[in-house]
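Whatever order the structure lists them in is the order used to number ligands and atoms, beginning at 1. These numbers come from the heavy atoms of this one structure, side chains and all, not from hydrogens, waters or symmetry mates.
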Amino acid sequence: MSVIARNITKTFGAYTALADVSLEVPTGKLVALLGPSGSGKTTLLRIIAGLEFADPGSGRIDFHGQDVTDTPAGRRGVGFVFQHYALFRHMTVAQNIAFGLTVRPRKERPPQAKIDARVKELLKLIQLEDLGGRYPSQLSGGQRQRVALARALAVDPKVLLLDEPFGALDARVRKDLRRWLRHFQREIGVTTIFVTHDQEEALELADEVVVMNNAKIEQVGTPQEVYDQPASPFVIEFLGNVNRFAALGHPLPGAGGDALYVRPHDVDIQRDYKGEHGIRVRIEHVFSAGNYGRLALVRTDNHETIDAEISRARLAELGLRAGEEAWVVFRHIRLFPAEGKFTERDVVADDAAPAVADPGRGI
Ligand code: ADP
Ligand code: MG
């Protein structure tokens, strides 16, 4: 079931929550709506669900080529999970999962044996096979969200809509659930739209990421595309740590007003440097844990700070300590001209050491 939203505008009084937004979700894909709080993600999801409607005269929603713009939520065949999706406290896990089926009118309700079989199947899918008899209060937060997912899936929705479903859980549980959801979604192949403000979550989970900002879509692309070829300064700043400079002060381009961006892992550090692309820095702080060394640097010419991330091996080889001076050379610079449309341009300093291939590095 593909989902297409076209030219959706939504205003609340004088406030525009969505400004002519269009979105396409291919059948069976998991698409993440990623953006800061207030960017319009939930509003767009609710309009797709049929819980909210676009401004009169604006926009259209198609489910698999069928116009559902005026179809109410209950008849769209969507399943939802929200951040605080309260399970019914007085019902067991199994009863919660069965809920959507048991409340159907008698004529449409499957026989009890069918409902039981479906619940059993879903309990297996969410890996809580033995916990059907428990009450929500006897589950962990992560287990509860899995039950919420099973409950949403019980009625065989054509589209699954998840609004920050892991937002209330701690980091460790979020990571586990993320991995679990990815496998699970691929396995059942239900078209899924996942809202999050967490870039790591979006990049790790989604087939496609829709970056939202200020009631608009800034960019749509695979995780790699939005990370490696950001369409705007907003996207590059939102997707992970990045150094921003007004100018470099050496022969690489960058006139006044241009925005120059360098990811911390594209900062090479050298003790002695004779080329023309170096910037002199003082090392403020060295932090190393895990595979990486992170350095907080300060330019000696203008006191701008630079964050660098290098391998532990490179850090050991350089033997740098706080208070010392060194050179940095950028491996890869992304430039957004100050005027006109943002066209990104890559600049590579070829006298920088190549990036070390670090297997399994994070984002
Ligand atoms: P997000 O999910 O990205 O955080 P939302 O879609 O919830 O953003 O909200 C976008 C903007 O629209 C916010 O500024 C919010 O305050 C406003 N908004 C959302 N729903 C309503 C509403 N029912 N009435 C008034 N303003 C709303
Ligand atoms: Mg929201």
Side-chain angles (χ1 to χ4, degrees), residues 3-25 30-61 68-70 72-74 76 78-86 141 144-145 148-149 152 157 159-171 173-174 177-178 181 185 191-206 208-221 223 226 230-240:
V3 175
I4 297 178
R6 277 202 197 97
N7 307 108
I8 305 291
T9 292
K10 178 69 182 174
T11 51
F12 295 106
Y15 186 81
T16 302
L18 293 171
D20 197 29
V21 165
S22 296
L23 172 70
E24 217 165 299
V25 183
L30 194 160
V31 167
L33 303 184
L34 171 69
S37 174
S39 54
K41 307 180 297 293
T42 294
T43 304
L44 181 56
L45 200 74
R46 287 172 58 83
I47 290 173
I48 291 169
L51 294 170
E52 193 86 71
F53 293 88
D55 287 357
S58 104
R60 168 178 164 147
I61 309 283
V68 296
T69 313
D70 300 316
R76 285 194 191 184
V78 293
F80 291 105
V81 180
F82 299 110
Q83 182 172 341
H84 299 285
Y85 197 66
R144 273 184 228 159
Q145 284 308 80
L149 259 168
V159 176
L160 188 59
L161 304 176
L162 309 174
D163 193 351
E164 314 237 8
F166 309 144
L169 305 170
D170 66 51
V173 178
R174 285 176 78 112
L177 278 185
R178 205 187 287 169
L181 177 68
Q185 194 273 339
T191 306
T192 303
I193 306 178
F194 184 99
V195 164
T196 182
H197 65 266
D198 179 336
Q199 44 96 9
E200 205 178 301
E201 193 162 87
L203 295 178
E204 194 180 316
L205 258 177
E208 227 165 50
V209 179
V210 176
V211 185
M212 294 189 66
N213 176 34
N214 244 330
K216 286 205 159 88
I217 291 174
E218 291 260 340
Q219 188 173 5
V220 179
V226 294
S232 66
F234 174 82
V235 176
I236 199 170
E237 287 187 31
F238 197 68
L239 294 185

Taking atom [atom1] of [X] and atom [atom2] of [Y], what is their separation to the nearest 0.5 Å?
| X | Y | atom1 | atom2 | result |
| --- | --- | --- | --- | --- |
| Ile217 | Leu18 | CD1 | CG | 8.5 Å |
| Leu33 | Glu164 | CG | CD | 10.0 Å |
| Met212 | His197 | CE | NE2 | 15.0 Å |

Sub-4.5 Å side-chain heavy-atom contact between Val220 and Val31: no
Test item: Ile8 and Leu23 side chains (from C-beta on) under 4.5 Å apart, heavy atoms: no
Where is the nearest protein heavy atom to [atom]: which residue, which atom, and how far?
| atom | answer |
| --- | --- |
| atom 8 (O) of ligand 1 | Gly40 N, 3.3 Å |
| atom 4 (O) of ligand 1 | Gly38 N, 2.7 Å |
| atom 23 (N) of ligand 1 | Phe12 CE2, 3.4 Å |
| atom 7 (O) of ligand 1 | Thr42 CB, 3.6 Å |
| atom 11 (C) of ligand 1 | Tyr15 CE2, 3.4 Å |

Any side-chain donor near an acceptor of the partner, Asp55 and Thr9, under 3.5 Å: no
Exercise check, heavy-atom protein proximity under 4.0 Å to atom 16 (O) of ligand 1: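 Flag for atom 16 (O) of ligand 1 set to false, no protein heavy atom closer than 4.0 Å.
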Protein contact for atom 21 (C) of ligand 1 (heavy atom, distance under 4.0 Å):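 Yes.
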Subset of ligand 1 atoms that lie under 4.0 Å from at least one heavy atom of Ala17: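 Within the 4.0 Å cut-off of Ala17, ligand 1 contributes 12 (O).
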Residue Pro36 vicinity, atoms of ligand 1 by number, heavy atom under 4.0 Å: 3 (O)
Gln219 to Val235 - nearest heavy-atom pair and separation: OE1-CG1, 3.4 Å
Closest heavy-atom pair and its distance - Asn213, Glu218: ND2-OE2, 3.0 Å
Gly35 heavy atom under 4.0 Å from ligand 1: no
Pick from His197, Glu164, Lys41, Glu52: the one approaching atom 3 (O) of ligand 1 most closely through a non-hydrogen atom: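 When every heavy atom of His197, Glu164, Lys41, Glu52 is considered, Lys41 comes closest to atom 3 (O) of ligand 1.
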The one among Thr196, Leu45, Thr43, Leu34 that brings a heavy atom closest to atom 6 (O) of ligand 1: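 Looking at heavy atoms only, the winner is Thr43.
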N, O or S from Ser37 under 2.8 Å to the Mg ion (ligand 2):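 No, outside the cut-off.
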Residue pair Phe194, Leu205: steps toward the side-chain contact (heavy atoms from CB on, under 4.5 Å) verdict: CA-CA 9 Å; Phe194 184 99; Leu205 258 177; 3.6 Å; yes
